[in-house]
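Read through the structure below, which is laid out as structure tokens, and then see the notes.
Each residue takes its place number in the sequence, starting with 1.
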Amino acid sequence: MSSLARYEAFLIKNVSAISSLESSLRSITWFLPGRFKDAELASEALSALLNVMSMYHDTLLAKFVRSDPKYKPLIPASLHTRFTTAWIEKDVLYKWAARALEFIRYTELLIEMGLRRKVSSRIRWRGVILLEILKATLRLILLRVTRRPLLSPPIPERDLDPAALPPSSNASSPTLAPSSPSLSPPPTPDHLKNNHMPLRPHLLLDDANKSNQSVSFIEDYLLPKALTPSAVKPALALVNTLSSPTDWIAEAIYILRPLVYACLVVSDRRSNRPLITALFMEILSRNLRRTPPPSASLERMEHARRDRDMLWYLLRGSIWGAYTRPKLEGFVDKTAHAPIMGLFGALIKDWIPLIDEYYYCELCV
């Protein structure tokens with residue numbers, strides 16, 4: 001057995017503990033900046049490592065779930081997971097372009113921190129422009145492959161419960177041959193071993209209570225279980241293709257917006273021209289994009305996410321310097337001696353210098 005196969009088997013056997021460890025370490029990264037010298041570099045390195053490892057773990061778990069025909073999730077996969085998984089399985093170019101794009105997003109701030117410490121400011125900004133060119137190129141590739149509006153993130157998110165995974169054996173790794181099925185019945189869970197009281201029948205199945213049930217109770221029970229149009233659509237049909245030139249122009253403007261903003265920041269950092277141009281492109285893309293029908297739930301959710309991301313402009317340019325930063329500093333001063341709010345104020349105080357110093361601390365693109 002190779003080292004990679006042993007690690008995969010270990011991951012699947014201890015997936016719950018590893019998921020808890022990832023979550024705990026990711027929470028710690030928020031409190032590291034300002035604690036010691038180069039703490040922000042250590043925090044971002046840990047965050048990038050956790051994100052990359054989580055992406056690798058998600059890939060292994062997805063392979064394991066697909067290889068087990070008996071696995072049935074308690075909660076159906078989200079629309080985003082269904083759509084992105086279908087494209088990853090259908091097109092190799094989409095799979096690697098999406099993973100490369102996410103890898104850059106996970107490590108871009110760490111790369112900028114390293115450049116700031118090792119090279120001149122001019123070379124650092126060239127590195128930022130190069131990262132934005134790579135990201136724009138990968139997004140255009142995804143747009144060309146799918147011919148649909150881009151989703152963020154372009155890879156499936158982990159939406160399975162690690163505790164609900166079937167029990168693994170020594171051969172549970174996706175790279176190993178599957179073992180023979182066990183003939184013994186599944187063991188009784190620990191929390192049911194000492195339970196000798198019979199479970200009460202469900203209210204819908206209890207003859208004694210059927211006459212007392214109201215129509216509203218039955219509707220409340222059945223409505224969440226009803227199928228929606230998106231639930232029965234094929235995964236690739238959850239987002240409609242771009243049909244008109246206006247749709248393509250709107251998506252292209254949205255993709256090129258971060259690159260244009262970065263180029264303008266490098267050439268003219270002190271004026272409002274980069275911020276105004278980026279806002280203009282954002283609003284133009286929003287007005288040109290199509291209005292999806294009510295049944296297109298996934299595309300409507302993506303549009304809602306893009307609208308929420310416009311709040312990140314509060315951390316850019318003159319908006320940050322003239323409005324957002326004074327507000328945050330005032331909040332920090334007012335809560336400095338408050339018992340609980342002072343913790344949040346101290347956290348914000350440690351992050352304010354990072355937004356001033358690093359380009360990727362103010363972006364969510």
Side-chain angles (χ1 to χ4, degrees), residues 79-80 83-84 86-88 90-106 108 125-156 235-268 272-293 296-313 315-317 359-360 362-365:
L79 300 180
H80 177 274
F83 180 80
T84 52
W87 274 106
I88 284 177
K90 176 183 178 181
D91 195 283
V92 176
L93 181 58
Y94 178 94
K95 177 175 68 174
W96 290 109
R99 290 177 180 175
L101 177 60
E102 287 303 287
F103 181 82
I104 294 176
R105 288 185 62 248
Y106 292 153
E108 60 190 8
W125 282 108
R126 286 181 178 178
V128 170
I129 295 297
L130 178 60
L131 288 176
E132 291 301 328
I133 291 175
L134 290 176
K135 288 163 60 178
T137 302
L138 291 171
R139 285 172 174 148
L140 290 174
I141 291 174
L142 296 178
L143 179 65
R144 179 66 180 86
V145 171
T146 62
R147 305 180 68 84
R148 291 166 171 82
L150 299 185
L151 300 185
S152 182
I155 60 176
L236 296 178
L238 291 173
V239 179
N240 296 326
T241 58
L242 299 175
S243 56
S244 68
T246 305
D247 297 340
W248 285 92
I249 294 174
E251 201 65 21
I253 292 175
Y254 182 80
I255 291 173
L256 296 176
R257 168 187 48 86
L259 176 59
V260 173
Y261 177 73
C263 293
L264 292 178
V265 168
V266 172
S267 61
D268 190 3
N272 291 328
R273 190 162 62 98
L275 180 63
I276 295 174
T277 304
L279 275 172
F280 173 77
M281 296 180 69
E282 188 92 46
I283 296 173
L284 179 62
S285 173
R286 190 180 187 277
N287 291 332
L288 290 179
R289 73 190 185 195
R290 65 191 180 189
T291 301
S297 302
L298 186 55
E299 188 171 355
R300 295 175 72 89
M301 288 189 291
E302 173 62 20
H303 287 178
R305 183 200 63 79
R306 294 184 183 184
D307 294 342
R308 291 193 302 269
D309 282 349
M310 293 185 69
L311 293 175
W312 289 99
Y313 281 96
L315 304 181
R316 300 183 185 181
Y359 174 80
Y360 283 113
E362 64 180 39
L363 297 182
C364 183
V365 292

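- Taking a cutoff of 4.0 Å between a charged side-chain nitrogen and a carboxylate oxygen, Glu302 and Arg306 qualify as a salt bridge.
- Residues passing the side-chain contact (heavy atoms from CB on, under 4.5 Å) test with His80, sequence neighbours excluded: Ser78, Thr84, Leu151, Pro153, Glu157, Leu298.
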Applying side-chain contact (heavy atoms from CB on, under 4.5 Å) to Leu143 and Leu242, what does each step give before you reach the verdict?
CA-CA 10 Å; Leu143 179 65; Leu242 299 175; 3.7 Å; yes
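- Aromatic ring pairs are classed by plane angle as parallel below 30°, tilted from 30° to 60° and perpendicular above 60°; the pair Trp87 and Tyr94 is tilted.
- Glu251 contributes no side-chain N or O that, together with a main-chain N or O of Arg148, makes up a donor-acceptor pair within less than 3.5 Å.
- At a threshold of 4.0 Å, the pair Asp307-Arg289 counts as salt-bridged, since one of the basic side-chain nitrogens sits closer than that to a carboxylate oxygen.
- The environment of CH2 in Trp248 is crowded: more than 12 heavy-atom neighbours from other residues, nucleotides or ligands sit within 6.0 Å.
- The minimum heavy-atom distance linking Val128 with Tyr360 is given by the pair O-OH, 3.5 Å.
- Looking only at distances, no side-chain donor or acceptor of Ser285 sits under 3.5 Å from a matching main-chain atom of Glu282.
- Annotation: cation-pi geometry satisfied between Arg316 and Tyr261 (NZ/CZ under 6.0 angstrom from ring centroid, within 45° of ring axis).
- Residues Ile104 and Leu138 are in side-chain contact: their nearest non-hydrogen atoms beyond the backbone lie under 4.5 Å apart.
- In Arg144, the CZ atom is not crowded: 12 or fewer heavy atoms of neighbouring residues, nucleotides or ligands sit closer than 6.0 Å.
- Note that OH of Tyr254 and CE of Met281 are 11.5 Å apart. Values are rounded to the nearest 0.5 Å.
- Considering every non-hydrogen atom in both Pro293 and Arg300, the closest pair reads O-CD, 3.4 Å.
- Ion pair Arg99/Glu102 not flagged as a salt bridge, since none of the NZ, NE, NH1 or NH2 atoms sits closer than 4.0 Å to an Asp/Glu carboxylate oxygen.
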